[in-house]
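Following: one structure in structure tokens, then a few remarks.
Quick caveat, the model's predicted, so the values are computed rather than measured. Both backbone and side-chain heavy atoms feed into the values below; hydrogens, waters and symmetry mates do not.
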Amino acid sequence: MSWMFKRDPVWKYLQTVQYGAHGNVSRLSYPTFFPRFEFQDIIPPDDFLTSDEELDSVLFGTLRGHVVGLRYYTGVVNNNEMVALQREPDNPYDKNAIKVNNVNGNQVGHVKKDLAAVLAYIMDNKLAQVEGVVPFGANNAFTMPLHMAFWGREENRKVVLDQLKKHGFKLIPPPKTLGFSLESNWGSGRAGPSYSMPVHAAVQMTTEQLKTEFDKLFEDLKEDDKTHEMEPAEAIETLLLPHQKQALAWMVSRENSEDLPPFWEQRNDLYYNTITNFSEKDRPENVHGGILADDMGLGKTLTAIAVILTNFHDGTPLPVERIKKNQLKKECNVNNDSVKLEGNTSEKADGLIKEGSRCSKESSISDIKEKNKYPMSEFSSSRPKRRKTADKYIESSDSEEFETTELPQKTKGKLKNAKSETKSRGKGLSAVEESKKTDLGEKPRTTLIICPLSVLSNWIDQFGQHIKSEVHLNFYVYYGPDRIRDPALLSKQDIVLTTYNILTHDYGTKGDSPLHSIRWLRVILDEGHAIRNPNAQQTKAVLDLEAERRWVLTGTPIQNSLKDLWSLLSFLKLKPFLDREWWLRTIQRPVTLGDEGGLRRLQSLIKNITLRRTKTSKVKGKPVLELPERKVFIQHITLSDEERKIYQSVKNEGRATIGRYFNEGTVLAHYADVLGLLLRLRQICCHTHLLTSAVSSSGPTGNDTPEELRKTLIRKMKLILSSGSDEECAVCLDSLTVPVITHCAHVFCKPCICQVIQNEQPNAKCPLCRNNIDGNNLLECPPEELASNTEKNTNMEWTSSSKINALMHALIDLRTKNPNIKSLVVSQFTTFLSLIETPLKASGFVFTRLDGSMAQKKRVESIQCFQNTAAGSPTIMLLSLKAGGVGLNLSAASRVFLMDPAWNPAAEDQCFDRCHRLGQKQEVIITKFIVKDSVEENMLKIQNTKRELAAGAFGTKKPNANDMKQAKINEIKTLIDL
DNA sequence: ACCGCCGGGTGCC
DNA sequence: ACCGCCGGGTGCC
């Protein structure tokens, strides 16, 4: 190994945390100040992730020391290169030992032991984060100087200084200007060039400036490499819009690019990282991928499909022409195989081929739906019929035969096996291609797409829609209990589609994850923000995938926090950010502290690897998308006297209680009760019958007996589940499946939390609050109780409500004016939707329904039924606010009736966008029903505050626990007019 | 000389 | 390490 003598003093940051090469991951966990359920309703969960402990750090000062024992280790460093200090408590010679590693994680040496003695104490007790830079790293045989900066919370400053003093060390105080951007003017020795102080002192930008700067990050469409357009492969049937062609060109160029990754340059025969001053002989791989962060509805799925087919192999598209030419021949092959299959296998295989040769789009879709309708095997019993067939199929076919899902095609679709497909394509290829194929045994050829379950069917549909019918792709939907777990066969596919849950589940079952034993050509994460929680098993499962090209598609990018961006970067495997320390030192902290250099780096990073267009972005002066207008109307509702009476009595009673909490200063401790009251009020605004299903708030509980505790926890869980918030599991970040509550009152999916407990045993901790948890202490929601609640309602004699009257009036009016217009009727309360069914039926409306409780198969049916524009198709969809994912397309509707306001305006907007999206031809009119003089009006106020907050939320220091507490208390006051 | 000084051996934690 | 430190050899000027 060798190293450089010269380097630019570009960014000499002396800031870090003492994470080791792979970090102290538990510090990434959510802050623990409050139980999660207290906030989830009003402050979006993202905020939990952003008030980071590191951001509270201040610079205590710097210190000089020495790295010793260089000759025993291979790690080398340049002058002025950043190094990581890592505790090594198990060192047999000194329990205080501290390793010094270079950016690559190779050990350079140790901190000299007298200094290590005090540093170990500071690091072990997390009194400060110690970060190192080696001013003269090059050409040292035995020792080298080390500069350290100590960062920590203000309250720890004194103890750190005292400790150091006790051992005879004294920190050099930080320059008064600002701590974060420390110019290292410690040069002038013999080992390297000297550095002058920077001409300009570090500048701290104002919040305003920061925000403006951040906005600029994405406004760089004018760059050449992003305005270039590219025609998709011939195999793509759909015409791409200009912005999609731009994305295609950019993505293909990124995949094929041989450029160095951002912040790397070649210097002589070495590759040099300009941020950390690290250099090495091996050329760092560029990310053959990136982040496509276009707004929802700009066609990310189509763009991704175009990339797959256009940059199919070695930078060339899927050869459509040959396939066309050989169409006849191919049919022959298929038939041959069919004969062969018939000989040794079941009627199923026979059916596959027969069906394949002349099946309609419908039958093809239905077959895919067949495959996709089961949830993960763990969560539901498999369907015996199907399983039997598949088993038989696998058994009878030695090993080669493989069930491949053909895409739904407009004209025809096929189901056949991979073997026949490989053969037929082989014959269609040129000699060159053919020869490649033989040694292609090792060469990855398969694209893996991972998406949330909610958009799985969307991907299948879109492949069907956008690819010409004569094109044949080996496409396998790796989903359902019968999924074939054979890496050899999966790696012969062109495309494998699966969900995060399947991936995570397979990953959890050790040694049995075919997806992890394959080197993929390309991995595409749809809705990539799903991996924002670095602790989640799901994230680990994703990060462990091997791939040459990596893409993240996300409609809700980086907006939330820099942390999210780091998750994505670690998936993209962009050096040196795989290790969070370098990310924190060089970008996250500088940016959050308002440092210009940090922002510059962030900018060039984002410019390099992401493409983002919003609905209002322009291509050649024209908006990317010309969507019809969207109008939001608020219709005020006056409650009937009877409703008002009930409302007031509940409100007065609740206000008295909560007023008491305010006086006692225990509002937040009784947050569940506050939520309960608000929930009841919101329900009354919709329909008084909803009230009966509300969980009655029992008084203060001594909850000493286990049974009492159990009841309290179950009550809390039910409240959380029924309060209309989009409670998600903090482990998988997906909707809760089989919700369970821990003794520390946090709700997770049962499978997720069980996994966590298993992994961390014997000392498993709650991912949210780090309290100890025990698999035996998880409480499930008794399903019969949930069921009885809904039954109670259905047994009640139906009556209308002011809101229902208003809705029906509007719907009937609309039908009179234009019977073809379709509407979404949206509520957070599914029981309310049920109540609405009665008058809809009575008035002769054809309607369908979509809510979270429906099985995947029923959802898909419901969506297709509604999207169908044929006469007699439903004109109304009853939609629960959070049903379906971002990808849900309900563009057949042009009216939305929002029956009750949501806490989070973003949730409402997302819901509106399900019909106000690509494909919408009509003006979209949204009506929000808001009860006058009620909690609903107050919710609107809070929504506005939130919108303002979200607009200016980036980059600055996040509110701390106290700020949040105060904000919360203010919200409660607003909500119940206190 | 229970010192100083010399010079060889030696070297992370 | 062109150092520091150790410990043995040595001892007026």
Report task. Can you tell me which residue pairs pass the side chain to side chain donor-acceptor pair (under 3.5 Å) test with a partner in residues 154-163 of chain A, sequence neighbours excluded? Result -> Arg153(A)-Glu155(A), Glu154(A)-Arg157(A), Lys158(A)-Asp162(A)
Query raised in the report: Is Phe142(A) stacked on the base of dA1(C), with ring centres under 5.5 Å apart and planes under 30° apart?
Result: yes
Query - Opposite nucleotide pairing with dG9(B), Watson-Crick or G-U, both atom distances under 3.5 Å - result: dC5(C)
**Report entry** Protein-nucleotide distance (Asp90(A), atom CG; dC12(B), atom P), rounded to Å
**Finding:** 20 Å
Query raised in the report: Does the distance from a Lys or Arg side-chain N to an Asp or Glu carboxylate O, for Arg585(A) and Glu581(A), drop under 4.0 Å?
Result: yes
Query - His743(A): ring pair (Phe, Tyr, Trp, His ring centres under 6.0 Å) partners, not counting sequence neighbours - result: none
Query raised in the report: Distance under 6.0 Å and angle within 45° of the ring axis: does Arg589(A) meet both against Trp151(A)?
Result: yes
Query raised in the report: Can you find a donor-acceptor pair, distance only, under 3.5 Å between Asp94(A) side chain and dC13(B) base?
Result: no
Query - Phosphate OP1/OP2 of dG11(B): any Arg71(A) side-chain N/O under 4.0 Å - result: no
Query - Nearest-Å distance for atom pair OH/P, residues Tyr72(A) and dC13(B) - result: 9 Å
Requested in this report: Calculate the interatomic distance between Asn101(A) atom CG and dC13(B) atom P; express it in whole Å.
Outcome: 16 Å
Requested in this report: Spell out yes or no: do the side chain of Tyr93(A) and the base of dC12(B) have one donor N/O and one acceptor N/O closer than 3.5 Å?
Outcome: no
Query raised in the report: Mind checking the P distance from dC3(C) to dG8(C)? Whole angstroms is fine.
Result: 25 Å
**Report entry** Salt-bridge present (Glu258(A), Arg283(A); N to O < 4.0 Å)
**Finding:** no
Query raised in the report: Atom NZ of Lys99(A) to atom C1' of dC13(B): distance rounded to whole Å?
Result: 11 Å
Query raised in the report: Pairs in or reaching into residues 89-117 of chain A: which pass salt bridge (Lys or Arg N to Asp or Glu O under 4.0 Å), with residues at least two apart or in two chains?
Result: none
Query - dC13(C) to dC2(B) separation - C1' atoms, rounded to the nearest Å - result: 25 Å
**Report entry** Between dC13(B) (P) and Leu85(A) (CG): distance, integer Å
**Finding:** 15 Å
Query - Residues touching DNA chain B, which here means a heavy atom under 4.0 Å, drawn from residues 109-117 of chain A - result: His110(A), Val111(A), Lys112(A), Lys113(A)
With 3.5 Å as the limit, what N/O pairs link the protein to nucleotides 2-4 of chain C?
none

**Report entry** Arg522(A) bridged to Glu255(A) by N-O distance under 4.0 Å
**Finding:** yes
Report summary line: The side-chain contact (heavy atoms from CB on, under 4.5 Å) partners of Ala116(A) (sequence neighbours excluded) come to Ile98(A), Val111(A)
Query - Aromatic ring proximity, centroids under 6.0 angstrom, Tyr121(A) and His167(A) - result: no
Report task. Quote, to the nearest angstrom, the P distance that separates dG11(B) from dC6(B). Result -> 25 Å
